[in-house]
Amino acid sequence: MKIEFRYHGKLSEVLGRNSEKLQVNSQNAGDLIRELILQKPQLKETTFQLAQKNKILKSEAPIEELDIDVFPPFSGG
Amino acid sequence: MKIEFRYHGKLSEVLGRNSEKLQVNSQNAGDLIRELILQKPQLKETTFQLAQKNKILKSEAPIEELDIDVFPPFSGG
Amino acid sequence: MKEAIQDIFIKGAIRPELVAKTIAGHESKTDLGAHDIFLGRVRSDEIDGKKVAAIEFTAQEEMANSMSQEIQSESFKRFDLESIQIYHSIGRVEAGGLCIFVMVSSGHRQQVFEALPHIVNELKARLPIFGKEIFEDKSHQWKVNK
Amino acid sequence: MKEAIQDIFIKGAIRPELVAKTIAGHESKTDLGAHDIFLGRVRSDEIDGKKVAAIEFTAQEEMANSMSQEIQSESFKRFDLESIQIYHSIGRVEAGGLCIFVMVSSGHRQQVFEALPHIVNELKARLPIFGKEIFEDKSHQWKVNK
């Protein structure tokens with residue numbers, strides 16, 4: 001399936017864009033993180049997490065959406 | 001000696017005035033409290049403390065001023 | 001030289017604009033990262049079926065100001081604060097009106113969160129201020145702090 | 001019916017007048033005795049000899065608003081509060097400007113003192129907001145919360 005990844009904060013700088021569509025096969029978040037790092041090796045050195053439908057995804061959470069947020073650590077306030 | 005007692009808050013109501021001069025003999029605050037209750041029996045039923053030069057007086061503190069504040073419990077804020 | 005003692009008292013209710021003004025007064029201090037503000041409001045408590053319409057505050061003002069200064073000095077020693085502001089109403093404040101305003105400022109938030117409750121508790125315990133609760137039927141009782 | 005989700009975001013610095021307005025908005029609620037307000041300010045920290053001139057905030061705004069709502073609901077269950085107000089800046093805020101404003105209100109002070117630090121910590125930890133620290137020489141680094 002083709003998922004649109006939205007890169008936030010520092011990650012948009014590291015990856016040189018705010019979003020992109022990538023072909024992936026993972027069924028859950030843990031696998032998707034590993035797959036994303038394979039396609040985007042720049043992510044290896046960073047801390048990041050995924051969210052779908054405005055919820056942070058735990059490792060075992062199934063991927064159900066075609067839009068996924070990719071977040072570096074939060075730094076509001 | 002003649003001391004001017006200044007009654008605050010509820011005490012001004014209990015005693016019907018804001019201040020008055022009274023002849024007293026006590027050398028420290030503990031004795032003065034007892035002497036004051038003798039002259040003003042209405043104070044017997046109330047909780048109060050004395051202050052001089054803007055400081056609360058402990059029982060053993062010597063009386064050095066001719067102006068003494070008589071305070072009910074504080075209730076600011 | 002003796003430090004000038006500030007007057008914490010404001011006649012009647014404290015206006016929200018004073019809070020805005022006090023916050024704006026810190027804009028040039030760009031090393032401050034955190035402010036914590038406490039505001040106390042006169043509640044229209046119901047006591048034995050009668051509602052509090054206002055509180056009338058009296059005080060031994062000179063001692064309250066000097067004690068407030070003392071609490072500030074102690075708090076500067078105890079916490080890492082850049083500034084402490086204290087205001088208290090004197091005279092009549094209607095229910096809904098603000099009667100106490102305390103603001104602490106620091107580089108980081110942990111310090112202000114620790115300092116503010118401590119300072120407010122000290123002020124309540126040590127400032128010779130007296131509240132008279134006036135009911136809607138004009139009768140009254142003397143406020144007791146818990 | 002789904003509750004409408006409030007927008008916590010304010011473009012640029014939060015003005016002290018918003019704080020005054022929010023306080024004044026509670027005047028008719030005469031059962032409120034205590035407000036506690038946290039304000040975060042952009043500090044001009046010096047890092048390796050360079051001074052922070054501003055922070056540019058971006059966010060996943062929809063998620064931040066929904067998460068902020070979630071934190072409010074949790075806090076209403078956990079503490080005895082009458083109201084919680086949350087605002088956060090989006091876009092550029094110069095050093096000295098306010099970038100977060102949280103206000104909690106309750107009948108008594110103990111509850112607001114417990115609730116506010118908890119809420120501010122939760123917001124910092126759970127809202128997808130990202131700060132980019134812009135130095136005076138226009139270079140930048142990504143803010144890291146401790």
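The basis for the numbers below is simple: all heavy atoms, side chains too, and nothing from hydrogens, waters or symmetry mates. Chain letters run A, B, ... following the sequence lines, proteins first and then strands; every chain starts at 1.
Annotation: C:Arg126, atom CZ; neighbour count of heavy atoms from other residues, nucleotides and ligands within 6.0 Å is above 12. Within a 6.0 Å radius of CD in C:Gln6, no more than 12 heavy atoms belonging to other residues, nucleotides or ligands are found. For D:Lys51, the NZ atom sits in a loose shell: 12 or fewer heavy atoms of surrounding residues, nucleotides or ligands are nearer than 6.0 Å. The number of heavy atoms from other shown groups lying within 6.0 Å of CZ (C:Arg92) is above 12.
Interface summary for chain D: among C:Glu94, C:His108, C:Glu46, the most heavy-atom pairs under 4.5 angstrom belong to C:His108. Across D:Cys99, D:Gly107, D:Ala13, the residue that shares the most heavy-atom pairs under 4.5 angstrom with chain C is D:Gly107. Ranked by heavy-atom pairs shorter than 4.5 Å toward chain D, the options C:Leu32, C:Val19, C:Leu116 are led by C:Leu32. Of the listed residues (D:Ser105, D:Ser28, D:Ala34), the greatest number of heavy-atom pairs within a distance under 4.5 Å of chain C belongs to D:Ala34. Of the residues considered (D:Pro117, D:Ala95, D:Ser44), D:Pro117 shows the highest number of contacts with chain C, using heavy-atom pairs under 4.5 Å.
Heavy atoms of C:Asp31 lying under 4.5 Å from chain D belong exclusively to its backbone. Only the side chain of C:Leu98 has a heavy atom closer than 4.5 Å to any heavy atom of chain D. Neither the backbone nor the side chain of C:Val52 comes within less than 4.5 Å of any heavy atom of chain D. In this structure, no portion of C:Asp45 lies under 4.5 Å from any heavy atom of chain D.
Rounding to the nearest 0.5 Å gives a distance of 12.0 Å between CD1 of D:Ile23 and CZ of C:Arg15.
Using a 4.5 Å heavy-atom threshold, the side chains of D:Lys29 and C:Arg41 count as separate. D:Phe113 places a side-chain heavy atom less than 4.5 Å from the side chain of C:Val120. With a 4.5 Å cut-off on side-chain heavy atoms, C:Phe38 and D:His35 do not count as touching.
Scanning all heavy atoms of the two residues, the minimum distance from D:Pro16 to C:Glu27 falls at CG-OE2, 3.7 Å. Here the shortest heavy-atom pairing between D:Asn121 and C:Arg109 reads OD1-NH2, 2.9 Å. Scanning all heavy atoms of the two residues, the minimum distance from D:Ile37 to C:Asp36 falls at O-OD1, 3.0 Å.
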